[in-house]
Amino acid sequence: MMKLTVLGCSGGIGGDAHRTTALLVDDDVLIDAGTGVADLDIDALARIDHVFITHAHIDHIACLPLMVDAVGARRAMPLVVHCTRATEAILRTHLFNDVLWPDFTRVPAQAKPFLRFEPLEEGESCALGERIFTPLPAKHGVPAVGFRVATPRGSLVFGSDTTVCPPFWDAVARIPDLRYLIVETAFPDSQRKLAIQSEHLCPSLLASQLPSPPGAFRLLISHVKPGYVDETLQDLQRVAESHAPAILAKGDIYWI
Ligand SMILES: Nc1ncnc2c1ncn2[C@@H]1O[C@@H]2COP(=O)(O)O[C@H]2[C@H]1O
């Protein structure tokens with residue numbers, strides 16, 4: 001069985017309930033490395049061998065530089081960061097640039113660095129044992145992808161941050177064994193304008209894209225902005241009731 005542990009899935013910080021995006025797959029893989037990663041102890045951090053990054057926004061990568069520094073010296077192998085070349089370029093230019101943070105693709109030694117990038121583009125897949133990670137289309141303010149995680153028992157999709165994106169929904173429709181669909185709804189409908197400006201979704205925009213009739217998967221909502229959880233849930237229940245949406249929460253565990 002594959003275990004998915006939600007370390008963080010909020011659209012921001014503020015109190016113990018809210019950590020930004022980080023999904024732990026079993027105990028060795030992360031999807032995104034937001035502030036939820038900071039709750040793992042040193043041993044748990046050292047067990048993580050792979051991080052799949054959806055996009056370079058700070059709420060999705062905040063703990064990546066910190067975790068590399070925290071456990072790099074304890075690990076036998078570099079941490080492998082899987083992302084598109086576009087996201088790698090952003091992370092190299094703006095983060096691992098020996099200014100904001102050391103370039104751990106060359107530190108502590110070029111021959112034995114703490115981190116290495118592995119390109120993963122749309123149309124490609126990365127198999128780690130029986131778990132197959134495949135980028136999916138997304139549309140956000142910077143280059144972004146979602147991920148499908150396929151196992152022999154079914155698939156999970158994490159849509160990342162995205163606004164209206166028909167290619168994402170076309171890809172979802174082609175996944176016959178979809179068990180869990182995690183999609184964002186960052187803002188309530190009262191902030192629809194901001195959702196559009198910042199290339200996110202609100203409940204009415206999400207509802208306009210959901211399949212009809214509802215698919216045989218569990219619909220889980222991520223990235224809700226702290227302070228707007230109740231309002232967003234009420235909107236979702238009004239516009240997407242037949243899909244029985246549930247708001248994802250830190251600490252949730254799903255098995256496939
Ligand atoms: N035009 C905007 N006006 C106000 N806030 C914004 C705007 N664009 C982006 N943001 C905020 O900046 C945040 C960056 O991270 P997110 O994409 O999660 O969510 C975004 C919004 O909360």
Side-chain angles (χ1 to χ4, degrees), residues 6-24 30-39 51-67 81 83-84 86-91 93-95 100-101 135-147 157-169 181-209 219-236 245-250 252:
V6 179
L7 304 178
C9 57
S10 287
I13 58 168
D16 201 41
H18 298 293
R19 301 284 185 273
T20 69
T21 307
L23 306 175
L24 181 63
L30 276 175
I31 301 175
D32 284 340
T35 65
V37 175
D39 292 330
V51 184
F52 290 81
I53 297 288
T54 60
H55 67 294
H57 272 167
I58 198 91
D59 53 325
H60 294 251
I61 58 103
C63 282
L64 179 61
L66 296 167
M67 67 182 282
V81 175
C83 61
T84 63
T87 294
E88 176 182 339
I90 295 168
L91 293 174
T93 302
H94 300 288
L95 175 55
L100 203 60
W101 206 249
L136 299 176
K139 188 173 184 310
H140 198 45
V142 291
V145 295
F147 284 106
V157 163
F158 173 57
S160 180
D161 291 11
T162 186
T163 189
V164 172
C165 183
F168 170 76
W169 295 97
L181 175 59
I182 303 172
V183 283
E184 72 130 287
T185 303
F187 296 101
D189 276 337
S190 64
Q191 295 186 308
R192 182 183 165 107
K193 197 172 155 201
L194 179 54
I196 292 168
Q197 277 173 344
S198 57
E199 294 204 87
H200 280 290
L201 292 170
C202 59
S204 57
L205 288 173
L206 173 65
S208 71
Q209 301 179 97
L219 180 64
L220 302 168
I221 304 298
S222 69
H223 214 279
V224 180
K225 291 286 177 179
Y228 294 95
V229 176
D230 292 344
E231 184 182 346
T232 304
L233 182 58
Q234 283 169 17
D235 289 345
L236 284 163
I247 300 223
L248 202 63
K250 184 189 96 171
D252 285 354

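Indexing begins at 1, ligand by ligand and atom by atom, following the structure's order. Remember, it's a predicted structure, so these values are computed and weren't measured experimentally.
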For Arg19 and Ser10, does a side-chain donor sit closer than 3.5 Å to a side-chain acceptor?
no

Per-atom contact, atom 9 (C) of ligand 1, protein heavy atoms, under 4.0 angstrom:
yes

Indicate, as side chain, backbone, both or neither, the part of His223 found under 4.0 angstrom from ligand 1 when only non-hydrogen atoms are considered.
side chain

Could you check whether atom 1 (N) of ligand 1 has a protein contact, counting only heavy atoms that fall below 4.0 angstrom?
yes

Under 3.5 Å, is there a donor-acceptor pair linking the side chains of Thr162 and Glu184?
no

Going by atom types only, do Asp161 and His57 share a side-chain donor-acceptor pair under 3.5 Å?
no

Atoms of ligand 1, numbered as shown, that sit under 4.0 Å from any heavy atom of His140:
17 (O)

From the list Leu233, Asp230, Asp252, side chain to side chain contact (heavy atoms under 4.5 Å, CB included) with Ile247 holds only for Leu233

Using a heavy-atom cut-off of under 4.0 Å, does the side chain or the backbone of Leu194 touch ligand 1, or both, or neither?
side chain

Closest protein heavy atom (residue, atom, distance) for atom 22 (O) of ligand 1:
Lys225 NZ, 2.9 Å

With atoms numbered from 1 as shown, which atoms in ligand 1 lie under 4.0 angstrom from a non-hydrogen atom of Gln197?
1 (N)

Atoms of ligand 1 under 4.0 Å from any heavy atom of Asp59, numbered from 1 in the order shown, are 18 (O)

Enumerated ligand 1 atoms positioned under 4.0 Å from heavy atoms of Ser198
8 (N), 9 (C)

With distance as the sole criterion, is a donor-acceptor pair present between the side chains of Asp32 and His55 under 3.5 Å?
no

Within the 6.0 Å centroid threshold, strictly below: His140 and His60:
no

Closest approach of Gln209 to Pro166 (non-hydrogen atoms, all atoms of both residues)
OE1-N, 4.3 Å

Backbone or side-chain N or O of His200 under 3.5 Å from ligand 1 N or O
yes

